[in-house]
Amino acid sequence: MLTNPYRQTTFLLSASDISHFPEDSGLEVAFVGKSNVGKSSVINTITNQTGLARTSKTPGRTQQINYFTVEAQVRLVDLPGYGFAQVPANIRKQWDIVINDYFNYRRSLAGLILIIDIRRNISQEDLNMVRWCQARNIPVHLLINKADKLPFGQQKQALLRFEQEIIGFSVTMQLFSAYTKTGLDSVLQTLNGWLYSPQKPGPG
Ligand SMILES: Nc1nc2c(ncn2[C@@H]2O[C@H](COP(=O)(O)OP(=O)(O)OP(=O)(O)O)[C@@H](O)[C@H]2O)c(=O)[nH]1
Ligand SMILES: [Mg+2]
């Protein structure tokens, strides 16, 4: 087992717009993906806590940007999910604004964990996230979540399929399950690389 500095993570704040974001210093990793792929569950598994990030069977539950503090100058960020059709237009517009502001202005963003459901395809919105990060030299790690929903052989097939779907982009990827903790060491290694041995000046 790798050491897991994220176990000590605590909730910092929820922000519905850029004026409420915490100070843009140190380093943070953002978790993004379509609504209901398990972003909040993944954060709970990584931090080894059950109720840190709020999860729900109802898509669109996380409507604000939720910030968590690992330690001074190191944060995890739960972004609201995209691509949920039932969300009213005015709320979707607010999401667009807050997500755009986040990606356009957040200098402490050290890496993006892009979460997808193993049973789905990569969406245009997912690819937009990847393109945005590549243009800004921000590394992307694709977390293929809910692996427990498929038998082992089909998990491997899905991994190959995603490699094809994302061809031409330089992203790393892995299988994961927030339920069974499959792939936990792998994602911890990625986070540690971004937050605790970064290329650019580190926290503190
Ligand atoms: N089987 C299985 N279910 C999962 C896994 N991860 C999350 N879920 C379930 O998927 C549903 C959505 O999980 P959330 O963590 O709330 O998803 P989210 O992406 O944060 O959703 P929004 O905030 O609404 O965008 C819940 O019912 C979770 O219990 C997993 O690895 N395996
Ligand atoms: Mg959520």
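Heavy-atom basis, side chains included; hydrogens, waters and symmetry copies ignored. Each ligand, and each atom within it, is numbered from 1 in the order the structure gives.
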Does any N or O of ligand 1 fall below 3.5 Å from an N or O anywhere on [X], backbone included?
X    : answer
D148 : yes
D78  : no
F176 : no
A147 : no

Ranking K146, R119, K149, K181 by closest non-hydrogen atom to atom 8 (N) of ligand 1, top hit is K146

Checking heavy-atom distances from atom 21 (O) of ligand 1 to each of N36, V32, T55, the winner is N36

Hey, which atoms in ligand 1 end up nearer than 4.0 Å to a heavy atom of [X]?
X    : result
K39  : 15 (O), 17 (O), 18 (P), 19 (O), 20 (O), 21 (O), 22 (P), 25 (O)
N145 : 5 (C), 6 (N), 31 (O)
G81  : 25 (O)
S35  : 24 (O), 25 (O)
S177 : 31 (O)
S41  : 6 (N), 7 (C), 13 (O), 14 (P), 15 (O), 28 (C)

- prompt: Does any N, O or S atom of S40, backbone or side chain, fall under 2.8 Å from the Mg ion (ligand 2)?
  reply: yes

inquiry  = Looking only at side-chain N and O atoms, does S41 offer a donor or acceptor that is under 3.5 Å from a partner on N44?
reply    = no

Discussion item. Between Y82 and D126, does the side-chain hydrogen bond (donor to acceptor under 3.5 Å, both in side chains) criterion hold? Intermediate values first, please.
Written reply: CA-CA 9 Å; Y82 41 77; D126 295 328; 2.6 Å; yes

- Step through the shown structure and confirm whether more than 12 heavy atoms of other residues, nucleotides or ligands are within 6.0 Å of CZ on F169. yes

Is there a side-chain contact between Q174 and L143 in this structure, where contact means two heavy atoms from C-beta onward sitting under 4.5 Å apart?
yes

Is the backbone N or O of M173 less than 3.5 Å from a side-chain atom of E163, with the two atoms forming a donor-acceptor pair by type? no

*asked:* Given 3.5 Å as the limit, does a donor-acceptor pair link the side chain of K34 with the main chain of I122, or not?
replied: no

Is there a path of hydrophobic side-chain contacts, each under 4.5 Å between heavy atoms, that joins L52 and Y179?
no

Q.
If hydrophobic clusters are built by linking Ile, Leu, Val, Met, Phe, Trp and Tyr wherever their side-chain heavy atoms come under 4.5 Å apart, do I97 and L109 end up in the same one?
A. no

Q: Show your reasoning for whether side-chain contact (heavy atoms from CB on, under 4.5 Å) applies to V74 and Y196.
A: CA-CA 9 Å; V74 180; Y196 288 101; 3.9 Å; yes

